[in-house]
Amino acid sequence: MALSLSSFLVPISLLLVSGGYCATVTYDFDVGWVHANPDEAFNRPTIGINGQWPIPPIVATKGDRIVVNVKNSLSNESTSLHFHGLYQNGSTHMDGPPSVTQCGIAPGSSFTYNFTVDQPGTYWYHSHSRGQYPDGLRGPLIIHDPDSPHKDLYDEEIVLTFSDWYHDLMDGLLAGFISIANPSGAEPVPNAALVNDTQNLTVSITPGKTYLFRMVNMGAFAAQYVWFEHHTMQIVEVDGIYTEPTDADMIYMTAAQRYSVLITAKNTSDANFAFVGSMDQDLFDVIPDGLNPNVTGWLVYDNGKDKPAPQEVDAFEPFDDFTLVPVDKEEAYSHVDHTVQLDLKMDNLNDGANYAFFNDVTYVAPKVPTLYTALSTGANATDPAIYGSNTNQFVLGANEVVEIVLNNNDPGKHPFHLHGHAFQVVSRSDEEAGSYDASNAPELPATPMRRDTILVRPNGNVVLRFRADNPGIWLFHCHIEWHVASGLIATLIENPLGLQDQLAGKIPQNHLDACKTSNEPTEGNAAGNTVDLLDLTGEYKSPGELPAGFTARGIVALVFSCIAAFLGMAVISWYGIQPVKAKTG
Ligand code: C2O
């Protein structure tokens, strides 16, 4: 099992040699179906690159240009790539989400991502097309830094990807998830956890050396607790932000988060040690029989010695990332120009299925990618109305200090991700704290932790701040892929007039061709209207609200009540005659 790791080992000498150049790093990715069986339980179709899975890491050095030529050979699905955590300053059109900054890449066609990276750190890349990355299209993206403040502290670096794994394809799982048969919105539970797309991984360790472990959670759903037996982690980077080195015995890594930790090896090779990723089962509505929530790997000092089974842990008491301090000591923004309040809830619509909402609106992708609306509507681009009724859009002014207040009115944990920025986390409540009350706010941390993905606790809140200094169209969404599909997405339209100056006339022909191939308009409002920008006739919308008196609980009771089976039948046929008006997510 050490096989898949070898490609992730990067000798330090190579890193230093490449420093000082600004190279162009080019990847030719032919995206297509392969078969894989990473948990040795079930062979299934999986999305690979160039006929292989696991897919290759993208590796570059700060300052480099990255070019990714994508050919879609999936034949049955369109695709896209998002480079998670990269700010894409000046290149929002390379950010990846279909219907937001591009059209999907249709089967048989090609598309080029081309951008520079000025930010070192640990990132990942993944499909941003509906439900697609859990089928395999996700891998690590590492930007090396010849000037890292920690570069003298370690000898070698090792990338560890953590993920969850489903035996079924997303297409079928999604159909069952967003369905009248699942009115409570119970998310499919993964079948296994993986590290580096395998289980029982071995990592060769040399006594006395210090390693930088770059850890990425590329999972669809599960956060993981991570610990290394008898070794202390020293956190030095979260989501691309260098932190003051901070000790931790156990970390909690939500879907999409990254942690770089230093681990100093023991001085002798007397024993080998287990490390564990353990899926947070609080996220799961049901725990299927026989689910093993853990994935184990080993730090191997001596190949001839045992690989001991991990000890059980008494309690999960992970390190609290809120206390981390960025190396650059950026001070908290104390003055806010623009507050974006997002109240999260889950509820049913009149198709009987369960959806996710911000401020009572569930996201539905517009007809025209939001970027193309912003670029084609002149001075009207600052009017939120033109971006449609279901995009949860907010227009941000140039250089405003923006505050996102997120109130989680749901008993679940949610990992929220912002494209285009890392944010300061200025407040995070305990669970059950209710909505944020600005008049009774906790004291601002002086130098708040920054990252691009943050956990908001059950029925709690979080307050995030950033400066709107990056014109672009940036999504803010829950990174649980089920909740992306059920609409837990907002769209930030940052400095649209500045964006026009930056990009008008500069969208590459192959991007426009992607829209032509799939017959999607590239001009006008969210409905594709180029004449009357306030006329949204024909836009894509969510199903309507339930008639008064119907509640999720009522649907559950009706659909599943055996006693009143005839009533259940009546309800099903009542829903069955509702027209399906919407194209979702
Ligand atoms: Cu990891 Cu919207 O992305």
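Heavy-atom basis, side chains included; hydrogens, waters and symmetry copies ignored.
Here the straight-line distance linking atom CG of Leu464 with atom CD1 of Ile454 works out to 7.0 Å at 0.5 Å rounding. A distance of 11.5 Å separates CG of Asp239 from CG of Leu418, quoted to the nearest 0.5 Å. One distance of note links OG of Ser127 with CG of Leu81; it measures 7.0 Å at 0.5 Å rounding. One finds the OG atom of Ser429 at 4.0 Å from the CG atom of Asn461 (value rounded to the nearest 0.5 Å). Atom CD of Gln424 sits about 5.5 Å away from atom OH of Tyr333, to the nearest 0.5 Å.
Aromatic ring centres of Trp124 and His417: separated by at least 6.0 Å. Annotation: His84 is not in aromatic contact with His128 [ring centroid separation under 6.0 Å not met]. Taking the ring centroids of Phe29 and Tyr125, they lie under the 6.0 Å cut-off.
Put simply, the side chain of Ile404 does not reach to within 4.5 Å of the side chain of Phe423, judged on heavy atoms. Between Ser80 and Pro97 the shortest side-chain heavy-atom distance does not fall below 4.5 Å. Glu77 is listed as a side-chain neighbour of Trp33, based on a closest heavy-atom distance under 4.5 Å. Within the 4.5 Å cutoff, the side chain of Ile489 has no heavy atoms near those of the Asn392 side chain. The shortest side-chain heavy-atom distance between Asp328 and Tyr242 does not fall under the 4.5 Å cut-off. Within the 4.5 Å cutoff, side-chain heavy atoms of Pro496 are placed close to those of Tyr387. Between Val216 and Phe162, the closest side-chain pair of non-hydrogen atoms is not below 4.5 Å. Taking 4.5 Å as the limit, every side-chain heavy atom of Phe394 sits out of range of all side-chain heavy atoms of Ile493.
Minimum interatomic distance between Ile66 and Ile143 (heavy atoms only, all atoms of both residues): CD1-CD1, 4.1 Å. Across all their heavy atoms, Thr46 and Ala36 have their closest contact at OG1-CB, 3.5 Å.
The backbone N or O of Leu371 lies less than 3.5 Å from no partner atom in the side chain of Gln102, so there is not a single donor-acceptor pair. Without hydrogens or angle criteria, Asp197 side chain to Thr161 main chain gives no donor-acceptor distance under 3.5 Å. With Glu494 contributing its side chain and Asn470 its backbone, the two residues share a donor-acceptor pair below 3.5 Å.
Residues satisfying the salt bridge (Lys or Arg N to Asp or Glu O under 4.0 Å) criterion with Glu403, sequence neighbours excluded, are Arg465.
Of the N and O atoms on the side chains of Ser109 and Asn72, not one donor lies less than 3.5 Å from an acceptor on the other residue. Judged purely by distance below 3.5 Å, without hydrogens or angles, the side chains of Gln88 and His419 never pair a donor atom with an acceptor atom. Side-chain contact annotation: Asn408 with Arg457, donor-acceptor N/O pair under 3.5 Å absent. A donor-acceptor pair shorter than 3.5 Å cannot be found between the side chains of Thr79 and Ser129. The closest side-chain donor-acceptor pair between Ser389 and Glu539 falls under 3.5 angstrom. Side-chain contact, Glu237 with Thr122: a donor N or O sits under 3.5 Å from an acceptor N or O.
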side-chain contact (heavy atoms from CB on, under 4.5 Å) between Asp383 and Leu533, worked out: CA-CA 10 Å; Asp383 181 355; Leu533 294 175; over 6 Å; no

Chi angles and distances behind the side-chain hydrogen bond (donor to acceptor under 3.5 Å, both in side chains) call for Ser73, Asp30: CA-CA 6 Å; Ser73 299; Asp30 190 343; 2.5 Å; yes

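Here the options are Val462, Leu488, Leu406, the test is side chain to side chain contact (heavy atoms under 4.5 Å, CB included), and the partner is His414; only Leu488 passes. Screening Arg428, Arg258, Arg450 for a salt bridge (Lys or Arg N to Asp or Glu O under 4.0 Å) with Asp321, the sole residue that qualifies is Arg428.
Note on ring orientation: taking the six-membered ring where Trp is involved, the planes of Phe115 and Phe83 are tilted (angle from 30° to 60°). Ring geometry, Phe358 versus Phe416: the interplanar angle falls from 30° to 60°, so the pair is classed tilted. Taking the six-membered ring where tryptophan is involved, the planes of Tyr355 and Phe357 are perpendicular, since the angle between them exceeds 60° and thus also 30°. Classification of the Trp474-His421 ring pair by plane angle, with boundaries at 30° and 60°, yields perpendicular. Ring orientation note: the planes of His93 and His511 are tilted relative to one another, at an angle of 30° to 60°.
Using a 4.0 Å cut-off between a side-chain N of Lys or Arg and a carboxylate O of Asp or Glu, Lys345 and Asp347 qualify as a salt bridge.
Sorted by first and then second residue, the side chain to side chain donor-acceptor pair (under 3.5 Å) pairs with a member in residues 367-382 form an empty list; sequence neighbours excluded.
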